[in-house]
Amino acid sequence: MLAAKKWGLAEPPLEAPAPPAVKPKITTRKGFETDGEDLPPVFTTVPTKQKVVFLTIDDGAEKDPQLLKMMNELRIPYSAFLSDYLVKDDYDYFARMQKSEASGISLQNHTLHHRYLPGLSYGEQKREICGMQDVIEKRFGKRPPLFRPPYGNYNEDTLVAAKSCGVKAVPLWAAEAFPDHMEWREWDRDLHPGDIVLTHFRGKEDWKGTMPDMIRRVMNVITSKGYAVAKLEDYV
Ligand SMILES: [Zn+2]
């Protein structure tokens, strides 16, 4: 309650229910399939009836210490999808993020250089994806199970390459959060149980606010609609 007030939230975040004992079976969203079989699923919403959504933060350009503090104090879990060329000037920031004890935070794969993957050969894609698996394992001690292609663009080679270096699933997003508005994938412009919410590590130079401004805005949307933020890795 105090933390919510301190950070300017309209209401404290709702507490996530216990995750399912057995993870839901995730399949590729209709219209997002490739010809390949037995590849990591590509999805925008996790199948669940619980009123939970998942927060994912991409790229890694902005490294705002206030974000780490805010998320710790509010105990909001999130998954950070990192691109090496943006994070390599300060791996330590993300190491501190990973060590934040209060909330379930994980570091995931968003390629080495944030290229448009369908424009690359299989070998180049493999280097972009599997190279980032290696960087995250070397710097942060854990090989990511999750991978998100830059811009959400991929082809069959992408998924084959990702699978070859240990990627289990490819979460895209159902909604995108900005400091001053939301963008929605679905026609009803609303949240749904299991929706994945995308946002970015950006600062005032890139959009209309700071990282805490953006979190305040998206948390007010999530909480006012009766949703809690849960940890993606508990479901996928
Ligand atoms: Zn990105």
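Counting starts at 1 for both ligands and their atoms, in listed order. Since the model is a prediction, treat every value here as computed from it, not as a measurement.
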Considering just N/O/S atoms, say which atom of H110 is closest to the Zn ion (ligand 1).
NE2
Does K51 reach the main-chain N or O of K225 with its side chain, forming a donor-acceptor pair under 3.5 Å?
yes
With respect to the Zn ion (ligand 1), please indicate if H114 possesses an N, O or S atom at a distance under 2.8 Å.
yes
Please find out if less than 6.0 Å separates the ring center of H114 from that of Y151.
yes
Restricting D59 to its N/O/S atoms, the closest one to the Zn ion (ligand 1) is OD1
Given the side-chain rings of F201 and F94, with only the six-membered ring counted for Trp, is the space between their centroids under 6.0 Å?
yes
To the nearest 0.5 Å, how far apart are CD in Q98 and OH in Y93?
13.5 Å
